[in-house]
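Comments concern the structure below.
Values reported hereafter were calculated over all heavy atoms of this structure, with side chains retained and with hydrogens, waters and symmetry mates removed.
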Amino acid sequence: MLMPKKVKFRKHQRGGKLPAKTKGGAELSFGSIGLKSLEAGLVSARQIEAARRAMTRYIQRGGKIWIRIFPDKPMTKKGDETPMGKGKGSVDHFVSVVSPGRIIFEMDGVAMSVARQALKLASDKLSVKTRIEERK
């Protein structure tokens with residue numbers, strides 16, 4: 001599963017409003033077809049891995065897949081039945097902050113119909129609405 005080797009701060013604040021539009025990563029850079037986010041949200045490392053596995057299985061080890069997001073934000077969780085107070089919980093998992101317009105996955109080297117279906121399977125695993133983008 002994806003996670004950073006080292007972080008500057010062990011526990012981040014969750015933050016308030018999610019970004020309105022992506023600053024970068026809105027264009028296809030590597031592949032000929034990709035999966036673009038339509039809304040802001042947090043995508044966990046488990047969701048990224050599940051989507052990657054779904055795509056890889058469907059294309060049967062053909063072509064190439066690029067993952068354009070990385071889960072670098074630690075999310076904490078307090079133990080079950082822990083009373084209020086007693087500080088912030090320990091790091092439970094890592095998430096990637098995804099803004100609208102961000103390319104999440106790219107693919108190349110397979111037929112377009114196969115790539116579309118693989119990206120559809122991947123989008124079902126993610127917690128944000130997505131659209132399939134093709135290079136013009």
Side-chain angles (χ1 to χ4, degrees):
M1 208 165 348
L2 294 171
M3 67 188 305
K5 287 189 183 87
K6 194 165 94 171
V7 289
K8 188 171 184 181
F9 298 105
R10 197 164 50 99
K11 299 174 181 177
H12 283 207
Q13 291 187 334
R14 286 181 182 251
K17 229 168 45 171
L18 288 170
K21 254 193 187 158
T22 188
K23 288 181 183 171
E27 303 295 320
L28 290 171
S29 300
F30 306 104
S32 56
I33 189 167
L35 197 64
K36 185 181 240 185
S37 166
L38 295 177
E39 62 183 11
L42 301 175
V43 179
S44 73
R46 283 176 180 267
Q47 290 171 349
I48 296 169
E49 178 62 15
R52 185 197 65 78
R53 280 186 181 183
M55 284 190 294
T56 307
R57 282 211 182 107
Y58 191 79
I59 62 175
Q60 298 174 343
R61 297 184 304 278
K64 175 105 173 89
I65 294 171
W66 289 270
I67 302 171
R68 297 279 308 273
I69 56 174
F70 186 80
D72 57 354
K73 182 174 184 162
M75 298 301 268
T76 59
K77 187 171 192 291
K78 289 174 87 163
D80 295 335
E81 300 183 18
T82 304
M84 296 295 281
K86 307 285 189 279
K88 192 173 171 102
S90 57
V91 173
D92 183 49
H93 62 280
F94 287 85
V95 298
S96 175
V97 179
V98 175
S99 45
R102 178 78 191 194
I103 299 287
I104 300 173
F105 295 108
E106 288 187 38
M107 192 182 293
D108 205 1
V110 291
M112 279 297 178
S113 58
V114 174
R116 263 191 224 97
Q117 186 59 37
L119 289 170
K120 168 74 175 83
L121 290 172
S123 72
D124 293 340
K125 307 287 182 190
L126 301 174
S127 59
V128 292
K129 286 182 186 164
T130 56
R131 179 176 67 215
I132 295 171
E133 288 278 311
E134 293 181 29
R135 184 162 287 182
K136 279 128 181 123

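In terms of heavy-atom proximity, P100 sits nearest to P19 at CD-O, 3.5 Å. When all heavy atoms of R116 and I33 are compared, the pair lying nearest together is CG-CD1, 3.9 Å. What you find for I69 and I103 is that their closest heavy atoms are CG2-O, 4.2 Å. Smallest separation of non-hydrogen atoms from K11 and K88: NZ-O, 3.4 Å. In plain terms, the two heavy atoms of S37 and S99 that are nearest each other are OG-O, 3.5 Å. The two residues R102 and G24 come nearest to each other via the heavy atoms NH1-O, 3.2 Å.
Note that the NZ atom of K78 and the CG atom of D92 stand 14.0 Å from one another [nearest 0.5 Å]. Going from atom CG of L119 over to atom CG of L35 covers 5.5 Å, rounded to the nearest 0.5 Å. Atom NZ in K120 sits 11.5 Å away from atom OH in Y58 (nearest 0.5 Å).
By the side chain to side chain donor-acceptor pair (under 3.5 Å) test, D72 is found to be paired with no residue, residues two or more places apart in sequence or in another chain being considered. Qualifying side chain to side chain donor-acceptor pair (under 3.5 Å) partners for T76, counting only residues two or more places apart in sequence or in other chains: none. For F70, there are no ring-ring contact (aromatic ring centres under 6.0 Å, His included) partners two or more places apart in sequence or in a different chain.
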Verdict with supporting geometry, I67 and I48, side-chain contact (heavy atoms from CB on, under 4.5 Å): CA-CA 8 Å; I67 302 171; I48 296 169; 3.9 Å; yes
Verdict with supporting geometry, F94 and M75, side-chain contact (heavy atoms from CB on, under 4.5 Å): CA-CA 6 Å; F94 287 85; M75 298 301 268; over 6 Å; no
side-chain contact (heavy atoms from CB on, under 4.5 Å) assessment of M55 paired with F105: CA-CA 10 Å; M55 284 190 294; F105 295 108; 3.4 Å; yes
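With respect to E106, the salt bridge (Lys or Arg N to Asp or Glu O under 4.0 Å) criterion is satisfied by exactly one of R68, K64, R52, K36: R68. Only one option out of R53, R46, Q47 pairs with E49 in a side chain to side chain donor-acceptor pair (under 3.5 Å); it is R53.
Using a 4.5 Å cut-off between side-chain heavy atoms of Ile, Leu, Val, Met, Phe, Trp and Tyr, with links allowed through other members, L42 and V91 fall into different hydrophobic clusters. Put simply, V43 and M3 are part of two different groups of oily side chains (I, L, V, M, F, W, Y) that touch within less than 4.5 Å, one to the next. Criterion: ILVMFWY side-chain heavy atoms under 4.5 Å apart, direct or through other members. Under it, L121 and I132 are part of a common hydrophobic cluster. Put simply, L126 and L18 are part of two different groups of oily side chains (I, L, V, M, F, W, Y) that touch within less than 4.5 Å, one to the next. No continuous path of ILVMFWY side-chain contacts below 4.5 Å connects W66 to V98, so the two sit in separate hydrophobic clusters.
Few gaps surround NZ on K73; more than 12 heavy atoms of other groups in view lie less than 6.0 Å from it. Within a 6.0 Å radius of CD in E27, other residues, nucleotides and ligands contribute 12 heavy atoms or fewer.
Put simply, the side chain of P71 reaches to within 4.5 Å of the side chain of L2, judged on heavy atoms.
When atom types are taken as modelled, the side chain of S123 and the backbone of K129 share no donor-acceptor pair closer than 3.5 angstrom. R135 contributes a side-chain N or O that, together with a main-chain N or O of L28, makes up a donor-acceptor pair within less than 3.5 Å.
Here E134 does not pair with K136 in a salt bridge; the nearest charged N to carboxylate O distance is not below 4.0 Å.
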